[in-house]
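Reminder, nothing fancy here: chain letters follow the sequence lines and each chain counts from 1.
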Amino acid sequence: MKYIHDFTVTDNIRQNHEFVVLTLKCDSTIPEIVPGQFAEVRVDNASNTFLRRPLSIHDVNYNNNSLKLLIQEVGEGTKKLSNLNKGDSINMVYPLGKGFTKPLNDQKSLLVGGGCGVAPLLFLGRYLVKNNITPRFLIGAKSSKDLIRLDEYRDLGEVMITTEDGSEGVKGFIIHHPVLKTEKPDFNIIYTCGPDGMMRVLSKYAAKHNIDCQVSLENNMACGFGACLCCVTPTQQGHKCTCIDGPVFDSKYLKW
Amino acid sequence: MKYIHDFTVTDNIRQNHEFVVLTLKCDSTIPEIVPGQFAEVRVDNASNTFLRRPLSIHDVNYNNNSLKLLIQEVGEGTKKLSNLNKGDSINMVYPLGKGFTKPLNDQKSLLVGGGCGVAPLLFLGRYLVKNNITPRFLIGAKSSKDLIRLDEYRDLGEVMITTEDGSEGVKGFIIHHPVLKTEKPDFNIIYTCGPDGMMRVLSKYAAKHNIDCQVSLENNMACGFGACLCCVTPTQQGHKCTCIDGPVFDSKYLKW
Amino acid sequence: MVDLSVNLGNNLVLKNPVMTASGTYGYGTEYADFIDINQLGGIVVKGTTLTKREGNPYPRMAETPKGMLNAVGLQNVGVDSFIETIYPKIKDFNTNMLVNVSGSTVEEYVETARKINSLDNIPGIELNISCPNVKEGGMAFGTSCPSAIAVTKAVRDVYKKHLMVKLSPNVTDITEIAKGVEGAGADSVSLINTIMGMAIDIESQNPKLSTITGGLSGPCIKPVALRMVWQTANAINIPVVGMGGISSVSDAIEFILAGASAIEIGTANFIDPEITIKVIDGIEAYLCEKGCKSIGEITGALKI
Amino acid sequence: MVDLSVNLGNNLVLKNPVMTASGTYGYGTEYADFIDINQLGGIVVKGTTLTKREGNPYPRMAETPKGMLNAVGLQNVGVDSFIETIYPKIKDFNTNMLVNVSGSTVEEYVETARKINSLDNIPGIELNISCPNVKEGGMAFGTSCPSAIAVTKAVRDVYKKHLMVKLSPNVTDITEIAKGVEGAGADSVSLINTIMGMAIDIESQNPKLSTITGGLSGPCIKPVALRMVWQTANAINIPVVGMGGISSVSDAIEFILAGASAIEIGTANFIDPEITIKVIDGIEAYLCEKGCKSIGEITGALKI
Ligand SMILES: Cc1cc2nc3c(=O)[nH]c(=O)nc-3n(C[C@H](O)[C@H](O)[C@H](O)COP(=O)(O)OP(=O)(O)OC[C@H]3O[C@@H](n4cnc5c(N)ncnc54)[C@H](O)[C@@H]3O)c2cc1C
Ligand SMILES: Cc1cc2nc3c(=O)[nH]c(=O)nc-3n(C[C@H](O)[C@H](O)[C@H](O)COP(=O)(O)OP(=O)(O)OC[C@H]3O[C@@H](n4cnc5c(N)ncnc54)[C@H](O)[C@@H]3O)c2cc1C
Ligand SMILES: Cc1cc2nc3c(=O)[nH]c(=O)nc-3n(C[C@H](O)[C@H](O)[C@H](O)COP(=O)(O)O)c2cc1C
Ligand SMILES: Cc1cc2nc3c(=O)[nH]c(=O)nc-3n(C[C@H](O)[C@H](O)[C@H](O)COP(=O)(O)O)c2cc1C
Ligand code: FES
Ligand code: FES
């Protein structure tokens, strides 16, 4: 069941020059949300946006009907949202899409994120912990200043890092990290969200080592709930909507 | 000379359910402004406005480069503007148009306003006082709750009132006020701004008694400075732009 | 109580004038979590073709000032699958389910229409001769009068229920096409389909759509759509269904005043999935306020 | 330093590709308080006709989503008054002053063009065969290929300087008209003029414009304009001047990538009277960033 709810901003914490975390509280009861699902957020008081903006659920607290969004400022929509203040109202259609699926009990997971793609991985991490699976994170960034909320992730499990300039962790891209260089991976499922290029590389890696890989796509969307067919991605079964058949797909299913 | 200046809101005082007075301060030196001139105000952070909004200069303080706007909330543009807070920024193209012209020294004036049309009359009143002419005001409204800032006007001269429901002053429309009922008017120039109907009645009255009447029109505008020819009014000399040939016209000149 | 019902002729009666536009409302079910879709005057489902279509490659949409471009390109399961798998799920909705029919040859249109003619609970089709997003046709039929007439006539021969023809705005004179399809036997016309547009990403210097050009929809096209509806309503004698950018009660009433017997809401559903219900309620409130007893009193009531 | 200059042919050389659109820039002087108008590539002055015109009655404009409708109707002093009273004031501006020429008969166009041909400091005219706001003609010339050709040919015979023909978007196929006027001797084409639209005040139930319909301009029409510029640039061999909704640097670059040799800015000037200068500076910055030495390197450089 999808809902249209008004939320109130209870907190807006700036992470760095381009990221904020919004905490939002709902008067209604928030429904159960699966990690990887997203919301279509209305952007109010903006001169140059028209459609809603898709944003992953970053964290959920069912006890007080609140959730968090991790927002990267890229254009007018995300800039407006990241400048909301405590007390401001925000309207969301949610929860949308198919989220990550739970690993088998004996599977070892690696959660790989880059850019705003780290957003759904926190919620996913919590979910894995709740299911007695310890997540390991591999996070890639341009530079150390782009790494945010590491403590939150570390609370859940090991955090490995690559930076393009080598200012923290391993220098290079995610694929250069030693954890992906071993003969035989010591995990058997990858969850990933981030730049297309990164996810394609991981999906090839997973195919080569014959392990599972769930990727979360960020295709442009108009509706977010399957009504417009704008957000398709080519799959083994033809065009599928990223918004309802995804955003999380088994990488083997995609025609990459 | 016209300018494009950024102003900062230093005060926003709500007058009643539909009127506010904004005080704006400019970092640059504000140019000399004639009463009746207006500004084209940019509306920021609005989803449904496109053009600037024309608003009269309500009051000016050259000493601290500040001025006031009296805004009636009618649509999205004026609603946005009237919800600006202290510290917010506002961009104006100003001063625009031809204002009221000074009466001859021996002329006695009557300043007649209704609705947001009272806005330019305060600044005009001050200007007359400075020129040693005591203004008298006749202000019309639906009801007493629509009468605003009367003290400001009373500081400058006598204030007469009509209300449609009789809740203050004379019951009826402006034209029903005794001051306009005498055989021979005890003033020889009318300055008026307000609803079209009101101004047409006054203009007829002035013609009948052979006195001067300056009316300030509120035609829809796209540019405000003579570039688009959208704001015309028919005059004895054909179509004239309200924004540069007006907004203040001698009523005899108009084809009403 | 105000009578909101509209009779579009040939057994198509809407409980109110608010329908949803093809390609923006899936098969209706996509909105069932948000509103009671049975309250709608009608739902025009996805563009349907004789055989399954994968549609155009991604990217298929771009945001524009107060609007969007799309280049979906009629992705759909094909009419047989529609009849087998989708029709059973939607046939018992208590609203008019119309099928938007597309094709690249007259024969395709005819064959698809013939198959749909057999479905008891589909009271009409919207003949899409105006899709700008497929190479082989669609819009080509809607931008030339002779071909618009030809395809309408051919479909009319096999399709006995309500035949609504959806017109393209990408023409010099829409009334000419409207008169043509009226003469060819259409029961009503609907307009406008999207206006052909384009957008470029200046960083990559690529078009934003895989197909370079696409169809513009949303509030930005409303003034153009309203003008065409007004022109068309004054030119023909069959009902006009108006659409193009409707996203508020006031927009809907503008179209009705201009002469639309009913309206369709498209893109606005993406931003407010409840908009249709708000518009239905708002039209009723407007009629009450104006002291009207039925919607017909304001249809084409523009004072000129 | 980047070379921003553009040669549109027949002695019309712009110092940069940014001009202003007719009817939105008065005679240039209206903007002189805000910017140094000599920095512009060109200024196209108000639509000018053989005899004085009062234009349409008020109301002449209505705001629409990200745009506006206008129905000015070519109010102007007439070509003789223009020559006598206005030309002397504008002839020494250090930019290209083009006159937008309108008419309701071929003879009127020809006569007006002939008179302007004699003005030394007017390097060209923009032949407006696309004004939707006058009953007697204008747009009628621009929506039929034979009449577009006829008026262009007739004017070409008497007008020896740069002849730019301004095309109407209210057509099924703009490239057909573009090819026609190219063949008839135009030196360049400019597009688009406004799209015919309409708006209604639902309270009074009156049209918002005295003329019922009017011309739509502003960002809302940009996707349509861009598409038409791209189509036209690919169809003809004379330069294309693009316009329609340009209100940012990025908009301007989209048009240039689509194939416009130069651009005109219209409605956006009302909201930001300094926009032209910002666009000129922004184009230069973009070229620097992309490592281009001249504007020509990105003209029509869309990657498809
Ligand atoms: C399922 C999903 C989950 C997402 N989760 C997050 C998240 O948790 N945090 C976060 O910061 N970002 C997330 N994104 C990306 C985010 O939606 C875009 O950054 C945002 O829409 C850009 O809007 P804008 O107005 O700031 O930028 P603009 O560039 O002005 O946007 C213009 C248009 O392009 C679309 N668009 C631009 N970039 C993207 C993109 N990467 N993905 C989809 N549409 C795009 C916009 O929606 C809009 O229609 C997610 C995207 C998807 C599809
Ligand atoms: C010279 C001049 C001086 C004015 N001075 C004042 C003033 O001091 N205080 C004040 O409250 N109002 C004043 N007005 C009226 C004010 O401009 C309008 O109320 C305002 O533009 C409405 O905008 P909106 O977005 O709130 O309403 P909308 O109804 O949403 O506006 C839609 C469109 O109509 C135009 N419009 C609507 N009403 C008017 C109107 N009455 N006059 C001109 N354009 C209109 C808007 O500019 C806009 O383009 C003045 C108008 C003019 C022409
Ligand atoms: C994503 C999308 C897909 C569409 N698909 C179709 C279609 O399959 N058949 C059709 O006739 N019109 C289609 N249209 C056009 C709409 O039905 C409608 O005519 C147009 O969008 C204008 O209305 P609007 O501005 O309210 O959206 C589509 C529009 C959009 C935005
Ligand atoms: C108020 C107004 C008046 C116009 N007058 C003319 C005119 O006289 N002649 C002409 O060719 N185009 C005229 N136009 C059209 C513009 O020159 C331009 O083609 C159109 O507005 C699209 O560009 P824009 O969206 O940048 O404004 C006018 C446009 C507006 C808004
Ligand atoms: S965004 Fe509309 S179907 Fe996916
Ligand atoms: S508003 Fe543009 S000329 Fe007056």
Student: Any chance OH of B/Tyr253 has more than 12 other-residue heavy atoms, nucleotides or ligands included, within less than 6.0 Å?
Tutor: yes
Student: Are the side chains of D/Val72 and B/Cys230 in touch, meaning some heavy atoms are under 4.5 Å apart?
Tutor: yes
Student: Look up atom NZ in D/Lys66 and atom OG1 in B/Thr49, then write down how far apart they are to the nearest 0.5 Å.
Tutor: 7.5 Å
Student: Is it the case that more than 12 heavy atoms not belonging to B/Gln236 sit under 6.0 Å from its CD atom?
Tutor: yes
Student: Which one wins on heavy-atom pair count under 4.5 Å against chain D: B/Gly224, B/Gly226, B/Cys231, B/Ala222?
Tutor: B/Ala222
Student: Would you say D/Lys208 and B/Asn220 make side-chain contact, with heavy atoms under 4.5 Å?
Tutor: no
Student: What part of D/Tyr27 is in contact with chain B, defined as an atom under 4.5 angstrom from a non-hydrogen atom: side chain, backbone, both or neither?
Tutor: neither
Student: Can you tell which part of D/Thr267 gets under 4.5 Å to a heavy atom of chain B, answering side chain, backbone, both or neither?
Tutor: side chain
Student: Is the closest side-chain heavy-atom distance between B/Phe50 and D/Ile271 below 4.5 Å?
Tutor: yes
Student: Taking the side chain as C-beta and beyond, is there a heavy-atom pair between B/Val93 and D/Phe34 under 4.5 Å?
Tutor: yes
Student: Whether the side chain of D/Arg60 engages the backbone of B/Leu229 through a donor-acceptor N/O pair (distance < 3.5 Å, no angle test) should be reported.
Tutor: yes
Student: Heavy-atom distances under 4.5 Å only: say whether B/Asn219 touches chain D with side chain, backbone, both or neither.
Tutor: both
Student: Taking all non-hydrogen atoms of both residues into account, name the closest pair between D/Glu63 and B/Leu51 and its distance.
Tutor: OE2-N, 2.7 Å
Student: In terms of heavy-atom contacts, does NZ of B/Lys86 have more than 12 from other residues, nucleotides or ligands at under 6.0 Å?
Tutor: no
Student: Quick one, D/Pro273 and B/Ile4 - any side-chain contact, counting heavy atoms below 4.5 Å?
Tutor: yes
Student: Tell me, out of B/Lys2, B/Glu40, B/Met221, who's got the most heavy-atom pairs with chain D below 4.5 Å.
Tutor: B/Lys2
Student: If you count heavy-atom pairs under 4.5 Å with chain B, which of D/Gly67, D/Gly23, D/Gly218 comes out on top?
Tutor: D/Gly67
Student: Taking side chain as C-beta onward, heavy atoms only, is D/Asp33 less than 4.5 Å from B/Phe225?
Tutor: no
Student: Nearest 0.5 Å, what's the CG-OG1 distance between B/Asn48 and D/Thr64?
Tutor: 11.0 Å
Student: Counting only heavy atoms not in B/Lys25, do more than 12 fall under 6.0 Å of its NZ?
Tutor: yes
Student: Quick check for you: among D/Lys46, D/Glu30, D/Lys52, D/Glu54, which has the greatest number of heavy-atom pairs under 4.5 Å with chain B?
Tutor: D/Glu54
